[in-house]
Amino acid sequence: MTLSGNDVAKHNDAKSCWVIVHVIQTPFGKAYDVTDFLPEHPGGSKIILKYAGKDATEEYDPIHPPDTLDKYLDKSKHLGPVNMDTVAKEVMQEDPDEVERQQRVAQKPLLEQCYNLHDFEAVARRVMKRTAWGYYSSAADDEITMRENHSAFHRIWFRPRVLVDVEKVDFSTKMLGTPCSIPIYITATALGKLGNPEGEVVLTRAAHKHEVIQMIPTLASCSFDEIVDARQGDQVQWLQLYVNKDREITKKIIQHAEKRGCKGLFITVDAPQLGRREKDMRSKFTDPGSNVQSGSTTDTSQGAARAISSFIDPSLSWKDIPWFQSVTKMPIILKGVQRVEDVLKAVEAGVQGVVLSNHGGRQLDFARSAVEILAETMPVLRERGLENKIEIFVDGGIRRATDIIKCLCLGATGVGIGRPFLYAMSAYGQPGVDRAIQLLKDEMEMNMRLIGCTKVSELHPELLDTRALSVHATTPVDHLSGAVYDPLAVPAQRPK
Ligand SMILES: Cc1cc2c(cc1C)[n+](S(=O)(=O)[O-])c1c(=O)[nH]c(=O)nc-1n2C[C@H](O)[C@H](O)[C@H](O)COP(=O)(O)O
């Protein structure tokens, strides 16, 4: 039986709460009875009650993979189709901020006017919705580590070679055995639909076009299968995993990913709890806290991050590694390692790689930049003859090909890039991501030539002067990326 909008509208409170979620193009939505689910919703009950008896699609879509309700809400609560023509359209009074934002979108620079990855950040800040910008751009506490990630590269100088025949430059490489056109991968960043209605599949298409690897986030807006289905030909994807307290759920996710052809399992180890990201919180992703988890009051004004991560297992430890090795044949890489002692432990544990990373500064503020950890790690691995035992990846603050080259000279296999691709996707869709990758390739070719190298295997530490790297006294002010940061980029709250 097809329900009408009125049928649903009668169930509009905590005692009986029905919502509609629908695929934009089809005339029928689906109604769900979420009354019993209210106290369990990680994002709090209030955000659901705001849409009780109504169409919740616009709020639901960017955060939840499409199959979430089918997967996690008991079938008895699926109430059937709703004729969307009978659902009263919310008369949204004109939001002046949204009007201004649409004007900025209309006036945004041409894609061709973006000459580097920072340009995408500047455009994204102007054109993105506040919640989306808040979530993507935010980092933990004072955001010092996020800025240090990029400025650490400014403390490394080149010692270029001259009079080398650099006519033919080839910066292709292999990562976990997969050939890549450039030593970068698109790292896992959650909630792709906050920036682009298509979400992570935009990154999938760009990754295929440029022969780079995409790491699929656990907290993607698209479903895992949507992202894998968007893969083309022999395109390679990796899975980023937040480990669930319920190991059965984690085992299912891992084995499904392996069955679907993922070629690497990147276990995130720097987030036993997601960091406190104030820009994300300021944008009030969800309504102020309420009674969420069986009586405990979780302050869901912690923004999107907290709202979507309550399942993460803070008890994860080294003793769990053998279990992961028992449930999958995929290479296992620990993402978020931040000291050489833990790299040595990773070698001992028999994993295939680590990502030296501080989660883009979104976790522990005042964690060191990954490139500084890399400079600490590689000499120790070399000293012990372990440098070929494990692949070392790096991410955080990589915005220029010179950053990539510095990491490779120090011994990294490849680097992950996050925000720049999110910003490019949010501001310009796939053409934006395509241009961002192409800009990096152009910079790679030029800078490899200028340091006197023709291929990745020639990139060694003696091409660098890293004496200042661990001296934090004078970190050059990073004007370009600094200019895009305005923690108060939230318009003054207008009196209601
Ligand atoms: C920008 C961003 C990064 C996230 C990210 C979301 C965003 C918007 N999310 S998060 O919501 O939980 O924080 C993830 C994530 O899902 N899993 C993960 O392992 N890393 C996550 N990261 C960290 C990411 O994988 C890289 O470590 C980081 O982005 C590298 O720094 P840059 O952004 O400066 O390139």
Side-chain angles (χ1 to χ4, degrees), residues 62-63 117-118 120-121 124 128 131-140 143 145-153 184-196 199-200 203 214-221 224 238-243 264-277 279-280 283 285 302-312 316 333-338 354-364 367 369-371 373 393-400 403-404 407 415-426 436 440 478 481 484-485:
I63 300 290
L117 269 49
H118 295 296
F120 289 108
E121 181 164 348
M128 288 180 75
T131 42
W133 167 256
Y135 188 64
Y136 289 174
S137 64
S138 63
E143 303 191 336
T145 289
M146 176 175 64
R147 279 190 272 283
E148 165 64 7
N149 278 346
H150 183 59
S151 48
F153 287 105
I184 69 167
Y185 58 88
I186 300 177
T187 189
T189 53
L191 304 185
K193 282 188 182 173
L194 278 181
N196 182 298
E200 289 81 2
L203 300 172
Q214 175 192 20
M215 190 189 295
I216 300 174
T218 298
L219 296 175
S221 302
F224 172 79
W238 295 330
L239 173 69
Q240 172 273 323
L241 181 75
Y242 274 135
V243 178
L265 174 63
F266 284 65
I267 301 172
T268 298
V269 297
D270 60 6
Q273 167 183 337
L274 284 200
R276 207 169 165 282
R277 303 143 187 188
K279 257 193 241 137
D280 177 28
S283 61
F285 196 88
Q302 296 284 332
R306 288 291 166 80
I308 58 174
S309 59
S310 50
F311 68 89
I312 296 174
L316 182 68
I333 293 82
L334 305 181
K335 177 177 185 287
V337 172
Q338 301 176 57
V354 294
V355 183
L356 303 179
S357 169
N358 52 50
H359 215 102
R362 295 164 71 83
Q363 290 302 108
L364 174 66
S369 67
V371 70
I373 304 162
F393 300 97
V394 167
D395 76 24
I398 291 155
R399 301 295 182 265
R400 289 280 186 190
D403 301 336
I404 301 169
C407 290
V415 304
I417 298 178
R419 291 183 184 87
F421 293 143
L422 284 176
Y423 295 144
M425 172 182 79
S426 303
L440 285 175
D478 187 350
S481 61
V484 295
Y485 274 99

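Note that the structure is a prediction, hence the values are computed from the model and not measured. Every number for a ligand or one of its atoms is a count from 1 in the order of the listing.
The shortest separation from a heavy atom of Y242 to ligand 1 is under 4.0 Å, placing the residue in contact. Look at I398 and you'll find every heavy atom at least 4.0 Å from all atoms of ligand 1. In this structure, R277 counts as a contact residue of ligand 1, since one of its heavy atoms falls inside 4.0 Å of the ligand. D395 counts as a contact of ligand 1, since one of its heavy atoms falls under 4.0 Å from the ligand. Not close to ligand 1: T218, with no non-hydrogen atom less than 4.0 angstrom away. For the ligand labelled ligand 1, residue R399 lies inside the 4.0 Å heavy-atom shell.
Ligand 1 places these atoms under 4.0 Å from at least one heavy atom of Y136: 1 (C), 8 (C). Every atom of ligand 1 is numbered from 1 in the order shown, and the set under 4.0 Å from a heavy atom of L422 is 8 (C). Every atom of ligand 1 is numbered from 1 in the order shown, and the set under 4.0 Å from a heavy atom of G396 is 30 (C), 31 (O), 34 (O). Taking every non-hydrogen atom of S357 and a distance limit under 4.0 Å, the qualifying atoms of ligand 1 come out as 27 (O). Which parts of ligand 1 touch T268 is read off a 4.0 Å heavy-atom cut-off, strictly below it: atoms 18 (C), 19 (O).
For Y185 and F393, the ring centers sit closer than 6.0 Å to each other.
By the criterion of a heavy-atom distance under 4.0 Å, neither the backbone nor the side chain of N149 is placed next to ligand 1.
Using a 4.5 Å heavy-atom threshold, the side chains of L274 and I312 count as touching. Side-chain contact between L203 and M425 is present, with at least one heavy-atom pair separated by less than 4.5 Å.
Side-chain atoms of E148 never come within 3.5 Å of backbone atoms of S369 as a donor-acceptor pair (strictly under, hydrogens ignored). No donor-acceptor distance shorter than 3.5 angstrom exists from the side chain of S138 to the backbone of R277, with no hydrogens or angles considered.
The minimum heavy-atom distance linking Y136 with A190 is given by the pair CE2-O, 3.9 Å. The shortest non-hydrogen separation linking V243 to L316 is CG2-CD2, 3.9 Å.
Checking only distances, T189 never comes within under 3.5 Å of ligand 1, N or O to N or O. Where the criterion is an N or O separation shorter than 3.5 Å, residue side chain and backbone included, L219 fails it with respect to ligand 1.
Here atom 22 (N) of ligand 1 lies nearest to A188 when heavy atoms of G361, A188, G418, G275 are compared. Of the options R362, M215, E121, the smallest heavy-atom separation from atom 2 (C) of ligand 1 is shown by R362. Looking at M146, H359, H150, it is H359 that brings a heavy atom closest to atom 21 (C) of ligand 1.
Among T187, T189, T268, the one residue that satisfies the side chain to side chain donor-acceptor pair (under 3.5 Å) test with Q240 is T268.
When only modelled atom types and interatomic distance are considered, N149 and N358 share a side-chain donor-acceptor pair under 3.5 Å. For the 3.5 Å distance criterion, the side chains of Q363 and R276 fail to qualify, holding no donor opposite an acceptor.
Relative to the ring axis of Y135, R362 places its NZ or CZ within 45° and under 6.0 Å from the centre.
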